[in-house]
Amino acid sequence: RTQTFSQLRGINVQDFLNKVNEIKKKAKIDYIYIFIDEYSDLSNSSQLKFASLLKTFLGSKMGMFFKVGVITDRYDFGDKIIIGRDIFPIPLNFSDFVDIYGGAMAAMNKMQEFSEVLVTKRIDKFSPELKFSDIFKANKNEAFSRISKESIGVPRTIGIILQQAFIQAQAKEGDKK
């Protein structure tokens, strides 16, 4: 059955917070995470409007957390949101890692550690019955070295690499890894 709507009704901040609380109660969860991606693709005026709205949610103290995906130097939160007070950056840019960890080699090592933690936690969470060797042909160090170099530490890219590797492995008859 298809429905057609001729009017878009807005929702105010308190109504939205009430709906989020309702979802949390029905789902029996304490926290909710809202992921906002491609923020940098918004026009500057839209970024500023959204930042003003986002600021109203940041002070709600109701167990609602936001991740806002931006491209370095292509975002503006205006004067409503202060980075380091209201929101905190998670660098995903290789040059940021180089600056933070004091050189390219140290940055690569940290990215490799990050890749291993990310993948290992997901295996433990979603397939605890599997061991690393059940999934990967390469030894751990080699696998995570390659993953971190190819992804440059970006979680989305790590996911894409692993997804493509899985698709290719499925396509090869008899190859389960």
Between Gln47 and Tyr39, does a side chain to side chain contact (heavy atoms under 4.5 Å, CB included) hold up when you go through it step by step?
CA-CA 7 Å; Gln47 284 185 22; Tyr39 184 83; 3.5 Å; yes

Checking side chain to side chain contact (heavy atoms under 4.5 Å, CB included) for the pair Tyr75/Ile83: CA distance, chi angles, key distance, verdict?
CA-CA 12 Å; Tyr75 63 90; Ile83 297 174; 3.5 Å; yes

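Residues Phe144 and Phe132 place their aromatic rings such that the two centres sit under 6.0 Å apart.
Defined by atom type and a distance below 3.5 Å, a donor-acceptor pair is present between the side-chain atoms of Ser145 and Lys149. Between Glu22 and Asn18, the side chains place no donor N or O within less than 3.5 Å of an acceptor N or O (distance only, hydrogens not considered). Looking only at atom types and distance, the side chain of Gln112 has a donor-acceptor partner in the side chain of Asn141 under 3.5 Å away.
No more than 12 heavy atoms of other residues, nucleotides or ligands lie within 6.0 Å of CG in Asp73, so this atom counts as exposed by the packing criterion. Other residues, nucleotides and ligands contribute more than 12 heavy atoms inside 6.0 Å of the NZ atom of Lys55. Within 6.0 Å of CZ in Phe166 there are 12 or fewer heavy atoms belonging to other residues, nucleotides or ligands.
Residues Phe50 and Phe65 do not share a hydrophobic cluster, defined by chaining ILVMFWY side chains whose heavy atoms lie under 4.5 Å apart. Cluster annotation: Met111 is not connected to Val117 through the hydrophobic network of ILVMFWY side chains, with a link wherever side-chain heavy atoms come within less than 4.5 Å. Placement of Ile82 and Val70 in two distinct hydrophobic clusters is found when ILVMFWY residues are connected by side-chain heavy-atom separations under 4.5 Å, directly or transitively. Ile71 and Ile100 fall into different hydrophobic clusters, where Ile, Leu, Val, Met, Phe, Trp and Tyr are joined by side-chain heavy atoms under 4.5 Å apart, directly or via other members. Residue Leu54 is grouped with residue Phe16 when hydrophobic side chains (ILVMFWY) are merged at heavy-atom distances under 4.5 angstrom, including chains of intermediate members.
Contact of the Ile87 side chain with the Phe66 side chain is not registered, since no non-hydrogen atoms from C-beta on lie closer than 4.5 Å. Side-chain atoms of Ile158 and Phe114, non-hydrogen and from C-beta on, do get closer than 4.5 Å to each other. Put simply, the side chain of Lys110 does not reach to within 4.5 Å of the side chain of Phe97, judged on heavy atoms. Looking at heavy atoms from C-beta onward, Leu53 lies out of side-chain contact with Lys49 at the 4.5 angstrom threshold. The shortest side-chain heavy-atom distance between Lys80 and Leu48 does not fall under the 4.5 Å cut-off. Leu17 has its side chain within reach of Phe57: a pair of non-hydrogen atoms, C-beta onward, lies under 4.5 Å apart. By the 4.5 Å heavy-atom criterion applied to side chains, Thr157 and Ile152 are not counted as neighbours.
At least one donor-acceptor pair closer than 3.5 Å links the side chain of Thr120 to the backbone N or O of Glu116. Put simply, the side chain of Ser46 never gets that close to the backbone of Leu42: no donor and acceptor are under 3.5 Å apart. Between the side chain of Ser115 and the backbone N or O of Ile147, no donor-acceptor pair lies under 3.5 Å.
Scanning all heavy atoms of the two residues, the minimum distance from Ala106 to Tyr101 falls at CB-O, 3.2 Å. Between Ile81 and Asp86, the closest heavy-atom pair is CA-OD2, 3.3 Å. What you find for Phe136 and Ala143 is that their closest heavy atoms are CD2-CB, 4.5 Å.
Between the CG atom in Asn21 and the CD atom in Gln14 there is a gap of 8.5 Å [rounded to 0.5 Å]. Remark: Ile160 CD1 to Ser151 OG distance equals 10.5 Å, nearest 0.5 Å. Atom CG in Leu162 sits 11.0 Å away from atom CD1 in Ile167 (nearest 0.5 Å).
Through direct or relayed side-chain contacts under 4.5 Å between Ile, Leu, Val, Met, Phe, Trp and Tyr, Phe126 connects to no other residue.
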Per-pair distances, 0.1 Å, donor-acceptor, side chain in residues 23-35, under 3.5 Å, sequence neighbours excluded:
unit_1 : atom_1 : unit_2 : atom_2 : d
Lys24  : NZ     : Asp30  : O      : 3.4
Lys24  : NZ     : Met62  : O      : 2.3

